[in-house]
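Have a look at the structure below before the remarks.
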Amino acid sequence: MNSGNKVSTFFREATPAIKAQRFIAMILLVCQGGITVSGAIVRVTGSGLGCITWPECHPGSLVPLSGAAPWIHQLIEFGNRLLTFVVTAAAVAAIMAMHMARRRTELKVYAWLNLAGIVVQAIIGAISVLLKLNWWAVALHFLPSMVLVWLAAMLYSRILEPDDGVRTQIFPQAIRVLAAMASIALAVVLTTGTMVTGSGVHSGDDGVGMEGRLNVDTEMMAVAHAICMYAYLILTVIVVFMLYRVQAPALVKKAAWMLIACILIQWGIGVAQFYMHIPRWTVPIHIGMSSVVTAFTALLWAHGVRRVNGTAGLKTGSPAAEEKFAARQAALAK
């Protein structure tokens with residue numbers, strides 16, 4: 001292998017290109033959403049106290065113990081805990097990629113916040129176990145996951161923008177305000193959703209029963225949750241209408257329609273749950289779609305302001321990384 005090829009190989013390995021950065025960010029996004037699904041499986045199978053303490057599974061043992069709890073519950077809860085290490089690895093990979101590619105501070109912050117959020121989530125998860133899965137503790141465990149999904153989606157989207165690009169408003173401030181209102185409405189939808197679950201029959205552990213559950217009528221709470229969802233949908237539809245009024249770029253309109261489709265799918269799942277009295281198998285699906293809707297809401301928000309007119313042809317998105325490579329190449333050519 002000649003020296004030029006060696007340099008090119010080293011550059012590819014030490015400085016991830018945009019495609020590699022996006023791939024890592026997508027893995028992080030999927031992991032952040034996926035662990036919410038595994039958490040939902042823990043809940044609906046009654047496995048929340050398959051491991052009764054933290055960080056150990058049982059006092060004196062980091063792993064499940066025969067006879068300490070039903071083996072299937074221990075397996076599901078311990079498996080969910082192990083997934084934390086997978087998400088952590090994805091966050092660390094994202095941090096390394098952003099630093100190795102010498103990307104701008106904004107992207108590094110998104111990556112670091114994902115890792116910090118995972119640590120916070122581990123602590124909240126421990127508290128929820130110690131509180132015997134009290135409904136509000138479980139809700140506090142779920143909602144930060146949606147924030148982390150949002151941050152991972154923002155990282156995935158922003159990676160495409162050149163670091164030296166000029167921040168440019170893609171659609172008018174009025175639409176940005178409406179999009180912000182829709183995002184706030186989504187936060188309310190997610191919060192009321194945790195209250196529906198908190199008042200329902202899926203306590204998270206077979207031995208807990210209705211102890212520590214939210215003492216409100218589940219059907220009434222579900223109706224309130226649906227009303228919030230309709231408000232969120234209406235605001236999003238208005239955003240889409242306004243995007244067409246201002247002749248927004250096709251990519252922005254495509255992202256908006258993808259979001260509308262996701263909301264409608266989630267609405268259909270929610271309606272089915274209501275009329276089927278929330279069967280266990282529907283909960284992980286509904287939780288999974290919550291992550292999808294949150295991610296697409298973040299992607300639409302990210303389209304509002306983009307970095308444009310940066311250096312053309314950047315393989316890494318970072319002029320600093322490209323300059324470093326060029327200097328290394330020139331030094332080796334001497």
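Keep in mind that what you see is a predicted model, and the values were worked out from it rather than measured.
Considering all non-hydrogen atoms of both residues, C31 and A90 come closest at SG-CB, 4.2 Å. Across every non-hydrogen atom of L155 and A94, the tightest pair is CD2-CB, 4.2 Å. Closest of all the heavy-atom pairs between H303 and A255 is CD2-CB, 3.7 Å. Residues T236 and A182 approach most closely at OG1-CB, 4.0 Å, considering heavy atoms. In terms of heavy atoms, P162 sits closest to G310 at CG-CA, 3.9 Å. Residues V293 and C262 share a closest heavy-atom pair of CG2-O, 3.8 Å.
Below 30°, between 30° and 60°, or above 60°: for H99 and W112 the angle between ring planes is above 60°, a perpendicular geometry.
Counting heavy atoms from C-beta on, the side chains of T197 and F142 never come closer than 4.5 Å. No side-chain heavy atom of H225 sits under 4.5 Å from any side-chain heavy atom of F274. Between I175 and L243, the closest side-chain pair of non-hydrogen atoms falls below 4.5 Å. Two residues are said to be in side-chain contact when any heavy atoms from C-beta on lie closer than 4.5 Å; V44 and P284 meet this criterion. V237 has its side chain out of reach of F241: every pair of non-hydrogen atoms, C-beta onward, lies at least 4.5 Å apart. Annotation: side chain of V223 is in contact with side chain of I227 (closest heavy-atom distance under 4.5 Å). Side-chain contact between L259 and V239 is absent, with no heavy-atom pair separated by less than 4.5 Å. Within the 4.5 Å cutoff, side-chain heavy atoms of V305 are placed close to those of R176.
The distance from atom CD1 of I285 to atom OG of S290, rounded to the nearest 0.5 Å, is 12.0 Å. For the atom pair L235 CG and L186 CG, the distance stands at 11.0 Å (nearest 0.5 Å). Atom CE in M98 sits 9.5 Å away from atom CZ in R104 (nearest 0.5 Å). Atom CH2 of W150 and atom CE of M154 lie 7.0 Å apart (nearest 0.5 Å). Atoms OG1 and OH, from T297 and Y232 in turn, are 2.5 Å apart once rounded to the nearest 0.5 Å. R81 CZ to E56 CD: the interatomic distance, rounded to the nearest 0.5 Å, is 10.0 Å.
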Verdict with reasoning, L300 to F296, per side-chain contact (heavy atoms from CB on, under 4.5 Å): CA-CA 6 Å; L300 178 58; F296 274 100; over 6 Å; no
K253 vs V240, side-chain contact (heavy atoms from CB on, under 4.5 Å): CA-CA, chis, key distance, verdict: CA-CA 7 Å; K253 291 185 283 191; V240 175; over 6 Å; no
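When hydrophobic clusters are built by joining Ile, Leu, Val, Met, Phe, Trp and Tyr residues whose side-chain heavy atoms come closer than 4.5 Å, directly or via intermediates, Y244 is grouped together with I170. Transitive grouping of hydrophobic side chains (ILVMFWY, heavy atoms separated by less than 4.5 Å) brings M289 and M258 into a common cluster. Cluster annotation: L28 is not connected to M146 through the hydrophobic network of ILVMFWY side chains, with a link wherever side-chain heavy atoms come within less than 4.5 Å. Taken together through direct or relayed side-chain contacts under 4.5 Å among Ile, Leu, Val, Met, Phe, Trp and Tyr, W301 and V147 form part of one hydrophobic cluster. Hydrophobic clustering of Ile, Leu, Val, Met, Phe, Trp and Tyr side chains at less than 4.5 Å, counting indirect connections, keeps V120 apart from L148.
Shown here are the side chain to side chain contact (heavy atoms under 4.5 Å, CB included) partners of C228, two or more places apart in sequence or in another chain: V188, V189, T192. A search for side chain to side chain contact (heavy atoms under 4.5 Å, CB included) contacts involving V166 returns T168, not counting sequence neighbours. Residues that satisfy the side chain to side chain contact (heavy atoms under 4.5 Å, CB included) test with I184, not counting sequence neighbours, are absent from this structure.
No donor-acceptor distance shorter than 3.5 angstrom exists from the side chain of E161 to the backbone of V308, with no hydrogens or angles considered. Using a distance-only test at 3.5 Å, with no hydrogens or angles considered, a donor-acceptor pair links the side chain of H58 to the main chain of G50. Q74 contributes a side-chain N or O that, together with a main-chain N or O of L65, makes up a donor-acceptor pair within less than 3.5 Å. For the pair D164 (side chain) and T311 (backbone), a donor-acceptor distance under 3.5 Å is present. Side chain of T282 to backbone of P279: a donor-acceptor contact under 3.5 angstrom is found. In this structure, the side chain of Q266 engages the main chain of H286 through a donor-acceptor pair within 3.5 Å. With hydrogens and angles disregarded, a donor-acceptor distance shorter than 3.5 Å links the side chain of Q21 to the backbone of T316. Checking side-chain atoms of R103 against main-chain N and O of I159 turns up a donor-acceptor pair under 3.5 Å. Between the side chain of R158 and the backbone N or O of A302, at least one donor-acceptor pair lies under 3.5 Å.
Taking 4.0 Å as the cut-off between side-chain N and carboxylate O, R307 and D163 do not count as a salt-bridged pair.
Residue E219 qualifies as open at atom CD: its count of foreign heavy atoms under 6.0 Å is 12 or below. Heavy-atom contacts from other residues, nucleotides or ligands closer than 6.0 Å to CZ of F23 number 12 or fewer. No more than 12 heavy atoms of other residues, nucleotides or ligands lie within 6.0 Å of CD in Q247, so this atom counts as exposed by the packing criterion.
In this structure, a donor-acceptor pair under 3.5 Å is present between the side chains of R306 and S157. Remark: the S291 side chain and the T36 side chain contain an N/O donor-acceptor pair separated by less than 3.5 Å.
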